[in-house]
Amino acid sequence: MSRIIRDGRWIVAGWLALPAGLAGQAPPLTLADALARAERGAYANRIAEATAAAQGASRLAVLKGIAPSVRVEGGYVRTTDPIGVFGAVLRQRSITEADFDPRRLNHPSAVGNYGATLVLEQPLLNADAHLGRVAVGRA
């Protein structure tokens, strides 16, 4: 065997025999350390993930001007205002002849009124939203 090969073997064997810190290798990582290190250095991944989420959300946001929408509204009003009381009694369809008494009209007792509404909106033509949808699709 040539002298170069024998010397090379000794160098490799000596290198492998050195402790990990002296051989230039990092000590072995535990799983918890590896995950912590990945979490600290993952800024580029977080930025990419947030950018992708924002682009996906903008694609849905454009549909707001095109797709129909539904909302429910509700409320309760209690008033002693003469016009408000008379209107509430009319809406409740519980008006009587006694409600037309001038003393009662001018100084009514408090009346409560519930109200609920279901609103369905369908845009007929929203050119800006359609152009925005095309632009987001191309992006």
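Hydrogens, waters and symmetry mates are skipped; everything else that's a heavy atom, side chains included, is used.
In this structure, the side chain of Asp33 does not engage the main chain of Leu29 through any donor-acceptor pair within 3.5 Å. Between the side chain of Asp99 and the main chain of Thr96, a donor-acceptor pair closer than 3.5 Å is present. Between the side chain of Gln92 and the backbone N or O of Gly112 there is at least one donor-acceptor pair closer than 3.5 Å.
Between Leu120 and Val70, the shortest heavy-atom distance links the atoms CD1-CG2, 3.4 Å. Considering every non-hydrogen atom in both Pro108 and Pro82, the closest pair reads CG-CA, 3.8 Å. The two residues Asn113 and Ala88 come nearest to each other via the heavy atoms CB-CB, 4.1 Å. Considering every non-hydrogen atom in both Thr79 and Val85, the closest pair reads O-CG2, 3.4 Å.
Interatomic distance, CG of Leu124 versus CD of Gln122, reported as 7.0 Å (0.5 Å rounding).
In the hydrophobic clustering of ILVMFWY residues, with side-chain heavy atoms under 4.5 Å counting as a link, Val77 and Leu90 come out apart. Residues Val111 and Tyr114 do not share a hydrophobic cluster, defined by chaining ILVMFWY side chains whose heavy atoms lie under 4.5 Å apart.
Note on ring orientation: taking the six-membered ring where Trp is involved, the planes of Phe86 and Phe100 are perpendicular (angle over 60°, cut-offs 30° and 60°).
Under a cut-off of 6.0 angstrom, the local environment of CZ in Arg103 is sparse, with at most 12 non-hydrogen atoms contributed by other residues, nucleotides or ligands.
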